[in-house]
Amino acid sequence: MDDFAPADVADHHSTAAVAQSVDTLAYPISPEYVKSWTPVRALCELIANALDEDPAARIWWADGVLTISDDGPGIPEEGLVLGYSTKTDAQIGQFGEGKKLACLVLARTPEVGPVRCDTVGYGFTPAVERRRLLDGIVPSRSTDGTEVLVYRLHRSDRTRGTVFTVACSQDLADQATSRFRALSEPGYQQPPGYGACVLGGAPGRVWIGGVLVSTMPGLLASYDLPLDAKGLQNRDRTVIEAGALRDAIRAILANSEDQQVIDRFTQHVLGGGKLREPEQYFADIRMPLARAAWRTWARTHLPALCFFTTSGNEEAKLDLADKGYTELTASGLPHEQLWAFMDRLGVEIARTRRVRHYERTRDTTTWVPLRQLTAAERTVLDETQQLVRRAIGAFALDRVRVYSDSDESPCSDGFYHPRTGDVAIHRAALTSRHRARLVLLHEAAHRVAHRGGGRWLPVGDYHDRTRGFEHMLSDFAAVLLDYLAAGTALPELPDAPASMSRALRLAPADDPAVPAVRRELAHLLLDQLPHALTAGSFADEKDLVASTGVHPDYWRTLTHPKVAGHRQQRGGRAWDYDKVALLAQAAGVHPPVVWLGYHLCEGPIYGRARRLPLPTDDVRGCSCGMADYGAPGHDGHPNAGQPPRAGHQRVPWTKKMREATLRACADLQSLGDEYAEQIPALQALLDGRTTAVIGDDSWHTPARALLAVERRRLRLDITPA
């Protein structure tokens, strides 16, 4: 705050003192209007106007006078009209009434002396005076006239800015200036986004754009709302509607990643403290980065083994206590907030561990180890597997297990397990090559219908006696007839990379139905995992995932990848870029590499309607092997049954996929070097300038190149000396 008047202001005061009133402007406003306004609020209105016009406005008190000076354009004639306003959401004012009402309040207040305004070309002094209309002809309850606000106008030679001078006590001036954070806190910046939580000073204060508008006792912190929240106030700007204020405070807290803010609330709640309704925000914390910040706090401040309990969990509580667990309590929270609070911290409720699926179903199938098969049985199994893979594709079968008895499928010679992607064949079926081929081709149709592969996309109805499965089985027969009619031999299978050999198999990270780029990503993450556990001091893989606040399904999907086109009703998508980024950072891998490694192969089919693939000859030249608009590269326009339009491969990718990939490109640009080199290829895919055809993964090259660069950076292919 300045302690002296600039020269131009001092000179102006000397000339203004002798200025003569040449006109008057009377406002038909009663002095009783806005009774709730205090002189402090009136001074705040004048200060706010100055800051709106000039963020560097000067406000100081000296010799019994508060001076408010700005270098703005001055007050035009329209500015004297009640209700006229050109304020924007970036300014404090909004109704065009503040200056007039402030002058009214100051003029009617006995402890405030003369008020003077000098602006460009003119000035005025406000006063409360009695006025009669038409020389008293208009009837009046008082013979002396009615008190109204009057501006006594005078000429001024001022060419820039506005100066208000108000004769008042220093205490009154200090109260007014202290309501502005820009004046009391050096370097203050307007709060971004939803606003800011202020931990310093007395709690319960509420600012809008740095201007104190309300005080709410009982809050744990103070809050500075952005300027566009000024619409939450009533017209005389004395009250913020309770529901709107609650929503604004919760939005600030729910999106905060500040560890000090989290610490303030968690320590208070864990200590048994209560919170007022606006600060009961834990159920509103949904953004990935905010949730991860809570898990970071929990890892730093909470015991490794802890739990919370509610009614009905007493037995589990005693059991956990005996095992060395620490109970956390939050007695001041309502029940629904308690659950949300503990969930954000990653603390589980005390309850008996659920019986896992494998424990409920174990011993329902009697498996036969391969070493127990006879040489003839092993030969039939190996030859049949190779035959099916060569005819349909390497993705048709992955792991094939042999059983002698099963409660899961007791009346058949084999079954497909959708959870693992494995195919099982009864040992008795290995006594005949024909019977073994029938079983494995049948189960391969289940697997491909469920998981997809090559030119086939997954379908929802892949079980026996369903249309999707029957179509897939018929399509397999047509493929075999094509080979027979052409008189060509079945293609040979490519040699499997060393990292995908049976000895090192990480099912389903090596599932041949999964695109190679996703398999390479899974191996990258799993190879990097031990280093990430050491660097982050994580106890295990579960601890690493829990530290991010991201649902474990995301990590499970990245390390146990799905086929392209797979759609799960719940979980298993790993689509959200922020969540993938949190997991990637915890693992020490660059986020855009992980996101592109998993999702690039989804590019042209994500978000599009899926149709059953038809043999290429039936599509009339459609190279993607699809008979409808749901094919990769089509524009997605719902003209089902219509032939694809010419040049359909050159249509840009869908909006959601495009936005996420552009975000990944921006991150690659910031990484630079070999990472940024892949951006043109990615942009060509987005714009439809590179054909993306199911069954041909050459367009996955940018993502695979990034994975190779990342492996070199992490030195994962270097054997320790």
Side-chain angles (χ1 to χ4, degrees), residues 257-275 280-283 285-286 288-360 525-526 528-556 558-560 571 579 582-583 585-588:
E257 304 164 25
D258 190 333
Q259 291 291 299
Q260 293 182 337
V261 173
I262 297 172
D263 185 75
R264 168 74 65 91
F265 282 88
T266 49
Q267 297 287 12
H268 177 79
V269 170
L270 292 175
K274 296 183 177 181
L275 294 174
Q280 296 176 12
Y281 70 99
F282 309 112
I285 304 173
R286 300 184 180 92
L289 296 179
R291 293 172 68 99
W294 274 74
R295 294 298 176 91
T296 299
W297 187 94
R299 280 178 50 80
T300 306
H301 297 86
L302 297 183
L305 302 177
C306 57
F307 69 95
F308 77 102
T309 186
T310 59
S311 177
N313 290 275
E314 290 77 10
E315 183 177 350
K317 169 185 174 181
L318 294 174
D319 181 56
L320 290 173
D322 290 342
K323 293 178 179 178
Y325 281 70
T326 301
E327 181 182 9
L328 301 182
T329 60
S331 57
L333 288 182
H335 181 74
E336 67 279 1
Q337 288 291 328
L338 170 65
W339 282 77
F341 174 74
M342 293 297 183
D343 177 73
R344 300 307 178 261
L345 293 173
V347 180
E348 293 183 340
I349 188 171
R351 60 177 177 266
T352 304
R353 293 179 179 268
R354 295 180 178 178
V355 180
R356 299 186 181 274
H357 176 75
Y358 77 87
E359 294 175 334
R360 296 197 304 267
L525 294 175
L526 292 169
Q528 172 64 11
L529 182 60
H531 307 288
L533 297 179
T534 302
S537 301
F538 298 113
D540 50 28
E541 183 179 11
K542 181 180 178 181
D543 189 28
L544 180 146
V545 177
S547 71
T548 66
V550 178
H551 196 282
D553 275 353
Y554 267 66
W555 178 259
R556 191 178 302 116
L558 295 172
T559 55
H560 296 66
K579 294 179 181 179
L582 287 169
L583 290 170
Q585 290 165 355

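All values below come from the heavy atoms of this structure, side chains included, with hydrogens, waters and symmetry mates left out. No experiment lies behind these values; they were computed from the predicted model shown.
At a threshold of 4.5 Å between non-hydrogen side-chain atoms, the residues K542 and L544 do not count as touching. In this structure the side chain of L582 never reaches within 4.5 angstrom of the side chain of Y554, judged on heavy atoms.
When all heavy atoms are compared, the tightest approach of P288 to K579 is CG-CG, 3.5 Å. The shortest heavy-atom contact between A330 and V269 is CB-CG1, 3.4 Å. Of all heavy-atom pairs spanning G272 and S331, the tightest one is CA-OG, 3.7 Å. Heavy-atom minimum distance, A586 versus A532: O-CB, 3.7 Å. Nearest heavy atoms, L270 versus M342: CD2-CE, 4.3 Å.
Checking W294 against E257 by side-chain atom types alone, no donor-acceptor pair falls below 3.5 Å.
With rounding to the nearest 0.5 angstrom, the CG atom of L338 is 7.5 Å from the OG1 atom of T310. Rounding to the nearest 0.5 Å gives a distance of 10.0 Å between CG of D263 and CG of D258. Atom CD of Q280 and atom NZ of K274 lie 10.5 Å apart (nearest 0.5 Å). Here the CG-CZ distance, from L333 to F282, works out to 5.5 Å after rounding to the nearest 0.5 Å.
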Test side-chain contact (heavy atoms from CB on, under 4.5 Å) on T548 and W555 and set out the steps. CA-CA 11 Å; T548 66; W555 178 259; over 6 Å; no
Decide yes or no on side-chain contact (heavy atoms from CB on, under 4.5 Å) for Y281 and L275, but give the supporting numbers first. CA-CA 10 Å; Y281 70 99; L275 294 174; 5.7 Å; no
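Judged by distance alone, with hydrogens and angles left aside, the side-chain atoms of E327 form no donor-acceptor pair with the main-chain N or O of A321 at under 3.5 Å.
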Please list every donor-acceptor pair under 3.5 Å in which a side-chain atom of residues 299-309 meets a protein atom from a residue at least two apart or in another chain.
| from | atom 1 | to | atom 2 | distance (Å) |
| --- | --- | --- | --- | --- |
| R299 | NH1 | D543 | OD1 | 3.3 |
| R299 | NH1 | D543 | OD2 | 3.0 |
| R299 | NH2 | G536 | O | 3.1 |
| T300 | OG1 | T296 | O | 3.0 |
| H301 | ND1 | W297 | O | 3.0 |
| H301 | ND1 | W297 | NE1 | 3.3 |

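Among residue pairs with one or both ends in residues 332-346, those qualifying as salt bridge (Lys or Arg N to Asp or Glu O under 4.0 Å) are R291-D343; sequence neighbours excluded.
Counting non-hydrogen atoms of neighbouring residues, nucleotides and ligands closer than 6.0 angstrom, the CD atom of Q267 exceeds 12 such neighbours.
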